[in-house]
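First comes the structure, then the notes that go with it.
Worth saying up front: this structure is predicted, and the values here are computed from it rather than measured.
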Amino acid sequence: MSNGSQIGEARWSSRMTFVMAAAGAAVGLGNLWRFPFLAAENGGGAFVLVYLAAVLCFGYPIMLAELTVGRRGRADAALSVRRVSDEAKAGKIWRIIGVLSIFIPFVGIGYYSVVAGWVMDYTLSFLATGGFGYENPIQYQERFDSMLASPGRLLLMHGLFMLSVVFVVAHDIRSGIERVAKYMMPALFVLLFFLVIYAMFVGDFMKGLSFLLYPEWSELTWDSVLAAVGQAFFSLAVGIGALMTFGAYLDKKDNLPVSAAQICIADTSVALLAGLAIFPIVFAFGLETTGGEGLVFVALPTAFGQMTGGYIIGGAFFILLFFAAFTTGVATIEPVVSWLEGRGLKRRIAAVVAGVGAWFVGVAAALSFNNWATVYPLSFIPGWEERNMFTILDYGIASLLLPINGLLIALFVGWAIPKVIVANELSQPETLITVWRFMLRIVAPIAILLIIIIG
C-alpha cells in the first residue's frame, strides 16, 4: 500500500475537533485586524451584510467543494485531485489544482511565518517586561521600526515560529494538529470574549459598536462590495489546500455541509468579536483608527500602557494573536507535509523538509523590510516596479494564485465531476445539491473573476 493511501486511513477523533482545526486554518491574523477596519471604512454594517452574503454565496460553496474533493480522494491534495479527476474521467488538466494546493501553502507559510514572528516578538517582549512601559505612540512606533530594521531579529523569530509549527505537524494528526486546535481554539474564543467584556466597561463600547456595525449605505461603493467578497474568500482559507487535506481525514459519516457551515460561523464570529474588542479601546483612548500593523503594534500597545491592568489585557491580546497565527501556520504547512509523506518520506522528516524549505522562502520576505527593502526583482513588469520580495510573495499568493485556485476548484466540482459523485459524498436533498452546484458553476466564478480582474 502506498503512503498516499495510508494518509487516508488517519481520522479525526470527532467532527468537532475537525471543525476546530479547520476553523484554526481560517482564523488568522487578518481576522483580528483587517476585517474590522475594512468594515469600518466601507460602510460598517452595510459592508458586514455584503460580507455575510459573500460567505454564503461564494465562500461556503467553494469550501464545501474543497472538503468534498479531499474526503473523496482520501489523500494529500495533489493525489486527491488526481483520484477524483480520474474517477470522473475529467482529464489531466484539472491536476493543476493539486499542484497549486501544494505550492500555495508552501510559499504562503514562508512569508506568513515572518509576520507571525512579529507577533511572537511582541508577545514574548510584552510578557517579559510587564508591558513595554513607553509613554507615547512615537516610542511604540520606534520600537516597531527597530524590529523591522533588524534582519537577525526577524530571522530569529521567523525561525522560532517555523520550528514550533514543524514540531506540532511532525506528530500524527491526532497528537499534533488536533491537540493544538482542541486547546488553542477554545482558548482563543475565551480570550476574545474576555476582551469584549473588558471593552464594554473600559472602552467607548457604543461608539465602537456603531463604528463597526452601523450601516452607512452612502459609503458602500462598488470597491467596497469587491473588498467584502475578497475578504470572505480569503478569510475562509479556501484554495490554500488545507481544507482539502483536512477533508481526507474525515469519516464518511461526517456531515460535510454542517461542518463547513460551522467553520464559516466560527471564522466570521472571530472577525466581528475582534472589532468589538478593539474599537471601543481605540476610541476611549483617542487613538488613530489606522489599520494593519499600525493598529496592532503601535495604537493598541499605547492604550495598554495607559489603562489600569493594561499588562494583563495586553498580554491576553498578544497571546490571542499568537494563537490565531499559530493555528493558521500549522494548518498551512500540513498540505505540504502530507504531500511529502505521499512521496515516501516519514512524517517527521517530511515536516522538517517542509519547514526548512519554507523558512528559506521566508528569509527573502524578512530581508524585504531591511537589507533588501529597495530590491525589486520584477521591476521590468509594469505595475511591479516597486514590489520587493515580501510584496511579490504576498500579492502573488493572496491576490493571484489563491483566487485562481478557488476558481478552478469551483469549476472542477461544478462542471467536471458528475453530480452522482458529489451527491454520494454529501447525502443531501437533490434540490440543495442543485443550488450548490449552480453557485459553483456560475455565481462563484463570476465573483472570483471580478476579484482578479478589477481588484
Side-chain angles (χ1 to χ4, degrees), residues 1-15 17-25 66-67 69-84 97-110 112-113 116 158-185 237 240-252 254 325-362:
M1 182 179 293
S2 70
N3 282 338
S5 298
Q6 292 171 7
I7 292 172
E9 294 174 2
R11 295 289 183 273
W12 302 103
S13 62
S14 68
R15 185 168 61 86
T17 55
F18 156 70
V19 170
M20 286 191 289
E66 195 168 346
L67 291 173
V69 173
R71 188 167 71 174
R72 190 74 177 183
R74 288 284 185 222
D76 62 80
L79 184 54
S80 287
V81 172
R82 179 176 178 178
R83 287 178 173 177
V84 175
I97 296 173
V99 175
L100 289 175
S101 297
I102 304 302
F103 179 78
I104 289 173
F106 175 70
V107 176
I109 185 60
Y112 184 85
S113 177
H158 165 46
L160 288 176
F161 183 83
M162 189 65 72
L163 181 64
S164 61
V165 165
V166 167
F167 176 78
V168 171
V169 180
H171 294 76
D172 62 56
I173 194 72
R174 290 196 178 185
S175 60
I177 295 175
E178 182 176 299
R179 183 170 294 178
V180 166
K182 189 176 181 180
Y183 292 103
M184 280 195 174
M185 288 308 295
I240 202 171
L243 295 172
M244 194 180 298
T245 305
F246 283 8
Y249 303 127
L250 277 170
D251 194 271
K252 181 69 176 178
D254 289 328
F326 191 74
T327 54
T328 299
V330 167
T332 302
I333 201 173
E334 171 62 21
V336 185
V337 174
S338 179
W339 179 79
L340 289 173
E341 272 194 292
R343 311 284 79 75
L345 294 181
K346 292 184 178 180
R347 187 168 183 85
R348 291 188 178 183
I349 296 176
V352 172
V353 170
V356 171
W359 184 83
F360 277 106
V361 172

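Of all heavy-atom pairs spanning A22 and L243, the tightest one is CB-CD2, 3.9 Å. Contact record, D251 with R71: O-NH1, 2.9 Å, taken as the closest heavy-atom pair. Looking at every heavy atom in both residues, V165 comes nearest to G329 through CG1-O, 3.7 Å. The shortest non-hydrogen separation linking P335 to I240 is CG-O, 4.4 Å. When all heavy atoms of G73 and V84 are compared, the closest pair comes out as N-CG2, 3.9 Å. The heavy-atom pair separating A242 from A25 by the smallest distance is CB-CB, 4.4 Å.
M244 is listed as a side-chain neighbour of I97, based on a closest heavy-atom distance under 4.5 Å. No side-chain heavy atom of P105 sits under 4.5 Å from any side-chain heavy atom of Y112.
Legend: residues meeting side-chain contact (heavy atoms from CB on, under 4.5 Å) with L163, ordered by chain and number and at least two apart, are absent. Taking the side-chain contact (heavy atoms from CB on, under 4.5 Å) definition, one finds that T327 meets it with V180, M184, M185, sequence neighbours left out. Taking the salt bridge (Lys or Arg N to Asp or Glu O under 4.0 Å) definition, one finds that D172 meets it with nothing, sequence neighbours left out. Under the rule for a side-chain contact (heavy atoms from CB on, under 4.5 Å), the partners of A21 that lie at least two apart in sequence or sit in another chain are W12, I177, A181, F246. The side-chain contact (heavy atoms from CB on, under 4.5 Å) search around A78 returns D76, I102, W339, not counting sequence neighbours. A search for side chain to side chain donor-acceptor pair (under 3.5 Å) contacts involving E66 returns nothing, not counting sequence neighbours. For S113, the side chain to side chain donor-acceptor pair (under 3.5 Å) partners are H158, not counting sequence neighbours. In this view, R72 and E87, N424, E425 satisfy the side chain to side chain donor-acceptor pair (under 3.5 Å) rule, not counting sequence neighbours.
Applying the side-chain hydrogen bond (donor to acceptor under 3.5 Å, both in side chains) test to pairs two or more places apart or on separate chains, those with a residue in residues 99-110 are S101-N405. Sorted by first then second residue, the salt bridge (Lys or Arg N to Asp or Glu O under 4.0 Å) pairs that include residues 327-336, not counting sequence neighbours, are E334-R347. Among residues at least two apart or in separate chains, ring-ring contact (aromatic ring centres under 6.0 Å, His included) pairs with a member in residues 162-181 are F167-H171.
A donor-acceptor pair under 3.5 Å links the side-chain atoms of R74 to the main chain of A248, judged by distance alone. Judged by distance alone, with hydrogens and angles left aside, the side-chain atoms of T328 form no donor-acceptor pair with the main-chain N or O of A325 at under 3.5 Å.
At most 12 non-hydrogen atoms from other residues, nucleotides or ligands lie less than 6.0 angstrom from CZ of R348. The environment of CZ in R179 is sparse: at most 12 heavy-atom neighbours from other residues, nucleotides or ligands sit within 6.0 Å.
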